[in-house]
Enquirer: 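I'd like to ask you about the structure that follows.
First the proteins, then the strands, lettered A, B, ... as listed; each starts at 1.
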Amino acid sequence: MPEGHSVRRLARQFGDVFGGRRLSVSSPQGRFSAGAALLDGHTLLAAEAHGKHLFLHFDNALVLHVHLGLYGAWSFGGDSTFAGSSSIGAPRRVGEQETFAEGNDDGDASYAGPPAPVGAVRVRLAATNGWADLRGATTCETITLAETDMVRARLGPDPLVNRRGDAGRFAANLQGRKAPVAALLMDQKIIAGVGNVYRAEVLFRRRLDPWLPGSNLADNEARKLWRDVVSVMNDGVSDGRIITTTPKYWTGNGKAARPAAETAALKSGTFPARDNAHFVYKRDGLPCRVCGTTVLAAELVGRKLYWCPSCQT
DNA sequence: GCCATATGTTGAC
DNA sequence: TCAACCTATGGCT
């Protein structure tokens, strides 16, 4: 699943390519036919993200609410207005970059309509300039504005929104909780948008013991943690990838055989090879980039947690 | 082809 | 604390 940064990019992308346009909405797979019919032929007014939730607002006061879950993914295609758009969703390889849409980027108007749906397309949005397909989402529903508010009410502060007072809200949400901070970071009521990669990486960056009870974090340490999440997730929005390391910790960039797109990115010197993008995520059994101690992994509430037992105490 | 795995959430016990 | 759910992929055989 894309973490919050990907959903934010998705919202921006929907606004860019479909904002103000009349959309045909369908469910080629059939499982969302009723919900699609409620939106079909209406105009997209706005697209917004809160945590990992995507809300597409239509001109009839209804909202398409999508949560990609673990497997969901959007793919896009169309004319030149889709040139910079990319497919966002389900994990492929660790640190993979988004793949570019199949739209032509020649700036002509030769877009001839969407292709026949491939696979289980839950919903297809199509306008005169292009299309977007959703597969495998855990939530895909048409809801009212009131229901939209109810979804938002369940969510904690979003580091990518970072309103005034959110750092304090986050710190307060940790107070009195005896669960490990690593578990609390995955709780969307406490902080919205953090997933398994960011939680492991951010705890490492702050050198925090993942097993520390939330209530044991001093207020100023909780606020520092919030600020780091804000920083690293904003980088994720810019990069379209989760990169938490800095060049100082990259090794062997460009030495191994890599796909052309990745080689180009490496040449620019701004992106690490995918095996250099993280400090601890999926690096169990490998030496810590900072101290050389073997990185550990353990199950925590059904998800794998990665950490350096030496740096994070 | 088969199987494990994946950046997630919900609801039953 | 679990299992269920949704889909695609990479690494095996």
Side-chain angles (χ1 to χ4, degrees), chain A residues 1-10 27-32 35 49-54 65-75 86-99 117-124 133-141 143 150-156 158-160 179-180 182-204 229 232-237 239-245 257-259 274-275 277-285 297-307:
Chain A
M1 154 74 188
E3 303 192 18
H5 69 300
S6 300
V7 183
R8 180 133 309 252
R9 286 171 63 88
L10 269 175
S27 178
Q29 172 209 47
R31 288 189 45 194
F32 184 59
H50 188 152
K52 302 168 191 171
H53 295 255
L54 176 70
H65 171 217
V66 172
H67 190 299
L68 291 172
L70 196 46
Y71 318 109
W74 284 100
S75 49
S86 49
S87 297
I88 300 177
R92 300 292 181 268
R93 304 177 298 274
V94 174
E96 185 194 39
Q97 291 175 249
E98 294 165 9
T99 51
V118 177
V121 177
R122 181 82 51 83
V123 62
R124 163 171 285 181
D133 283 351
L134 172 68
R135 294 181 176 77
T138 197
T139 300
C140 173
E141 56 181 3
I143 60 176
M150 288 168 63
V151 174
R152 308 185 86 118
R154 303 200 307 256
L155 301 171
D158 181 342
L160 294 173
L184 296 173
L185 281 177
M186 296 285 278
D187 184 340
Q188 303 297 300
K189 291 191 298 296
I190 288 179
I191 181 169
V194 172
N196 204 23
V197 179
Y198 278 126
R199 72 119 171 227
E201 293 297 298
V202 151
L203 288 171
F204 179 90
V229 179
V232 80
M233 286 189 72
N234 272 297
D235 287 347
V237 174
D239 296 338
R241 258 180 87 183
I242 300 179
I243 300 170
T244 57
T245 52
R258 302 185 188 285
R274 58 173 172 263
D275 42 351
H278 309 133
F279 280 109
V280 291
Y281 179 74
K282 281 224 169 154
R283 284 182 48 85
D284 49 318
E299 268 317 293
L300 176 62
V301 279
R303 310 300 300 282
K304 250 189 179 176
L305 167 69
Y306 304 85
W307 82 104

Enquirer: Look at the side-chain N and O atoms of K304(A) and state whether any lies under 4.0 Å from the OP1 or OP2 oxygen of dT7(B).
Expert: no
Enquirer: Taking R199(A) for its side chain and V194(A) for its backbone only, find out whether a donor-acceptor pair lies under 3.5 Å.
Expert: no
Enquirer: For nucleotides 10-13 of chain B, give me every protein contact, N/O to N/O, under 3.5 Å, one pair per line with atom names.
Expert:
unit_1: dT10(B); atom_1: OP1; unit_2: R154(A); atom_2: NH2; d: 3.3

Enquirer: As a test of reading the structure: which of dT9(B), dA8(C), dA6(B) is closest to the side chain of K52(A), going by heavy atoms?
Expert: dT9(B)
Enquirer: Heavy atoms from C-beta onward define the side chain here; which of dT7(C), dG8(B), dT7(B) lies closest to that of M186(A)?
Expert: dG8(B)
Enquirer: Using a 3.5 Å distance criterion without hydrogens, assess whether the side chain of T138(A) forms a donor-acceptor pair with backbone atoms of L68(A).
Expert: no
Enquirer: Measure from CG on L70(A) to P on dT9(C) and round the result to the nearest Å.
Expert: 14 Å
Enquirer: Just how far, in rounded Å, is P of dC6(C) from CZ of R135(A)?
Expert: 16 Å
Enquirer: Identify whether any heavy atom of E299(A) sits under 4.0 Å from a base atom; if not, whether one sits that close to sugar-phosphate; answer base, sugar-phosphate or nothing.
Expert: nothing
Enquirer: Distance check, P atoms only: dA3(C) and dA4(B), in whole angstrom units.
Expert: 15 Å
Enquirer: Taking the side chain as every heavy atom from C-beta outward, state whether E3(A) and I242(A) have any pair of such atoms under 4.5 Å apart.
Expert: yes
Enquirer: Counting distance only, does the side-chain N/O of R135(A) pair as donor-acceptor with the main-chain N or O of A73(A) below 3.5 Å?
Expert: no
Enquirer: Measure from the side chain of Q188(A), starting at C-beta and using heavy atoms only, and say which of dA6(B), dT7(C), dT9(B) lies closest.
Expert: dT9(B)
Enquirer: By the 4.0 Å heavy-atom rule, please label R303(A) as base, sugar-phosphate, or nothing.
Expert: base
Enquirer: Has the side chain of H50(A) got a donor or acceptor atom that lies under 3.5 Å from a matching backbone atom of G156(A)?
Expert: yes
Enquirer: Under 4.0 Å from OP1 or OP2 of dT7(B): is there any side-chain N or O of Y281(A) that close?
Expert: yes
Enquirer: With rounding to the closest Å, how many angstrom separate the P atoms on dT9(C) and dT9(B)?
Expert: 22 Å
Enquirer: Strictly distance-based, threshold 3.5 Å: is any side-chain N or O of N196(A) a donor or acceptor partner for the main-chain N or O of K304(A)?
Expert: yes
Enquirer: Is there a side-chain contact between M150(A) and I143(A) in this structure, where contact means two heavy atoms from C-beta onward sitting under 4.5 Å apart?
Expert: no
Enquirer: Ignoring backbone atoms, establish whether Q29(A) has a side-chain N or O less than 4.0 Å from OP1 or OP2 of dT7(C).
Expert: yes
Enquirer: Please determine, for the side chain of R31(A), which listed nucleotide (dA6(B), dC6(C), dG8(B)) has the closest atom?
Expert: dC6(C)
